[in-house]
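Here the structure comes first, spelled out in structure tokens, and everything after it is commentary.
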Amino acid sequence: MRVLVLGGTGEGRALATRLAREPGLEVTTSLAGRVADPRRPPGDVRSGGFGGVDGLAAYLIHRRVEAVVDATHPFASRMTGNAVAACGRLGVPLLVLRRPGWVAAECDDWWRVPDAVSAASAVTRLAPEGATVLLTLGRGGVAAFAGDDARHYVIRSVDPPDGALPPRRTLLAARGPFTPEAERAVFREHAVAVLVTKDSGGDATAAKLITARDAGLAVVMIDRPPLPEGARVTRSVAGAVAWVLGRSTGPSASDSPERDIARP
Ligand code: NAP
């Protein structure tokens, strides 16, 4: 069975690694091709956009793909929307693999906002002028803070951020996972007063939230974009493995693993 994994995440790599051991599966991982030096999963890897819904549909037909797992990042909503549309059009089974979002503890001072523009506005209320704000938004979203010349921004991302940047800034090139010790050192060195992040979920980048909690700092948390209506979703790599293996052993077995699949 030919399986396409839409990747770019640790879960995508873990899934491809696990499926590579299975006889009878041909697994290709697709990466967007944006990161200069991506971590490549085992097996066949393709890179670069498909060219929208039509391009993805043409790829699925040409490669005779029989199942797709969208293991892209929770904020890669365009790719997920395209996958839902193309697979729906062709009747190719699709599972979306989404790790759970982060949950605040009672003692946390989190401010949930819908997008980067609202996050920038929240920062002006939460961080006094002259304070340092740590942005961990990846490449995108930083431009929303470009108009603020009253605060200093420490901008951490794997590759340099896109678009306009705030005038008072420090760029930190770094790739997770981050340990609690390393996060404490970053917060201390830059005297971080407020953290702005996206609700990516997962363990690899969660240490900053513990550090903020221990230091009693406010966290501006950008909510995930919603999943397309009707998408079939699992929260775990194990759930995705079970779904793929179920499909490869016949249509009746293919439906049973979906019992533990949640639709958030
Ligand atoms: P996006 O806005 O949803 O996607 C923009 C376009 O990039 C898509 O329309 C598609 O181009 C192409 N694309 C995205 N993921 C692809 C994939 N796995 N394979 C082939 N083409 C892909 O996505 P994004 O937020 O820019 O993220 C790009 C990639 O980085 C994703 O694969 C995601 O898993 C990874 N990533 C994203 C974040 C984040 O915070 N957004 C964080 C960590 C990793 P076409 O329309 O031409 O097909």
Side-chain angles (χ1 to χ4, degrees), residues 3-16 19 27-41 43-63 65 67-90 92 94-99 101-102 113-116 119 135-144 155-163 173-178 196-206 208 220-228 231 233 237 240:
V3 181
L4 175 66
V5 175
L6 301 170
T9 56
E11 286 79 8
R13 274 195 309 283
L15 179 62
L19 295 180
V27 180
T28 298
T29 299
S30 176
L31 303 176
R34 304 264 179 71
V35 176
D37 177 24
R39 287 189 182 128
R40 288 172 71 89
D44 185 35
V45 177
R46 69 165 298 284
S47 184
F50 297 95
V53 178
D54 291 344
L56 176 57
Y59 176 92
L60 296 176
I61 293 168
H62 179 66
R63 299 294 296 258
V65 172
V68 177
V69 180
D70 171 18
T72 56
H73 191 270
F75 281 78
S77 56
R78 190 133 53 100
M79 188 68 252
T80 298
N82 289 354
V84 169
C87 289
R89 185 192 292 175
L90 301 175
V92 174
L94 167 71
L95 179 71
V96 178
L97 168 53
R98 272 296 169 281
R99 61 174 94 122
W102 287 315
V113 294
D115 51 35
L135 301 184
T136 62
L137 301 175
R139 289 174 88 153
V142 177
I155 303 165
R156 184 168 75 186
S157 54
V158 177
D159 286 314
D162 294 328
R175 177 172 6 212
F178 300 104
V196 183
T197 190
K198 302 190 292 194
D199 186 6
S200 299
D203 296 335
T205 58
K208 61 192 170 195
V220 180
M221 182 69 69
I222 301 178
D223 280 332
R224 296 171 167 201
L227 279 164
V233 181
V237 172

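All values reported here derive from a predicted model rather than from experimental measurement. Reckoned from all heavy atoms, side chains included, excluding hydrogens, waters and symmetry mates. Just follow the structure's listing: the first ligand is 1, and inside any ligand the first atom is 1.
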Query - Region of S77 engaging ligand 1 - heavy atom pairs below 4.0 Å - result: backbone
Query raised in the report: Are there protein heavy-atom neighbours of atom 30 (O) of ligand 1 below 4.0 Å?
Result: no
Requested in this report: Using a strict cut-off of 4.0 Å, indicate which atoms of ligand 1 neighbour a heavy atom of T72.
Outcome: 18 (N), 32 (O), 34 (O)
Query raised in the report: Can you list the atoms of ligand 1 that are under 4.0 Å from a heavy atom of N82?
Result: 9 (O), 46 (O)
Requested in this report: Would you check whether G33 reaches within less than 4.0 Å of ligand 1, judged by its heavy atoms?
Outcome: no
Requested in this report: Indicate, as side chain, backbone, both or neither, the part of R46 found under 4.0 angstrom from ligand 1 when only non-hydrogen atoms are considered.
Outcome: side chain
Query raised in the report: Considering only protein heavy atoms, which is closest to atom 47 (O) of ligand 1, and at what distance to one decimal place?
Result: G51 N, 2.9 Å
Query raised in the report: Distance from T29 atom OG1 to R40 atom CZ, nearest 0.5 Å?
Result: 9.5 Å
Report summary line: Ranked by distance from atom 48 (O) of ligand 1, the top protein heavy atom is F50 N, 2.7 Å
**Report entry** Residues, nucleotides or ligands: over 12 heavy atoms within 6.0 Å of R39 CZ
**Finding:** yes
Query raised in the report: Does L56 have a heavy atom less than 4.0 Å from any atom of ligand 1?
Result: no
Query raised in the report: Against heavy atoms of S30, which atoms of ligand 1 measure under 4.0 Å?
Result: 17 (C), 18 (N), 19 (N), 20 (C)
Requested in this report: Could you pull out, from H73, R78, E11, K198, the option with a heavy atom nearest to atom 1 (P) of ligand 1?
Outcome: R78
**Report entry** Subset of ligand 1 atoms that lie under 4.0 Å from at least one heavy atom of G8
**Finding:** 34 (O), 35 (C), 36 (N), 44 (C)
Query raised in the report: Can you tell me the protein heavy atom closest to atom 8 (C) of ligand 1 and the distance?
Result: M79 SD, 4.2 Å
Query - Identity of the nearest option to atom 46 (O) of ligand 1, non-hydrogen atoms only, from G52, G7, G49, P225 - result: G52
Report summary line: Here the gap from T136 atom OG1 to I155 atom CD1, rounded to the nearest 0.5 Å, amounts to 11.5 Å
Query raised in the report: Is the shortest side-chain N to carboxylate O distance from D44 to R63 below 4.0 Å?
Result: yes
Query - P74, A76, S200: member with heavy atom nearest to atom 23 (O) of ligand 1 - result: A76
Query raised in the report: Is a side-chain N or O of T9 found less than 3.5 angstrom from the main chain of A71, in a donor-acceptor match?
Result: yes
Report task. Report the distance from atom CD1 of I222 to atom CZ of F75, rounding to the nearest 0.5 Å. Result -> 6.5 Å
Requested in this report: Report the nearest protein non-hydrogen atom to atom 12 (C) of ligand 1: residue, atom name, distance rounded to 0.1 Å.
Outcome: R34 NH2, 4.0 Å
Query raised in the report: For L6, is at least one N or O under 3.5 Å away from an N or O on ligand 1?
Result: no
**Report entry** Sub-4.0 Å heavy-atom approach of R139 to ligand 1
**Finding:** no
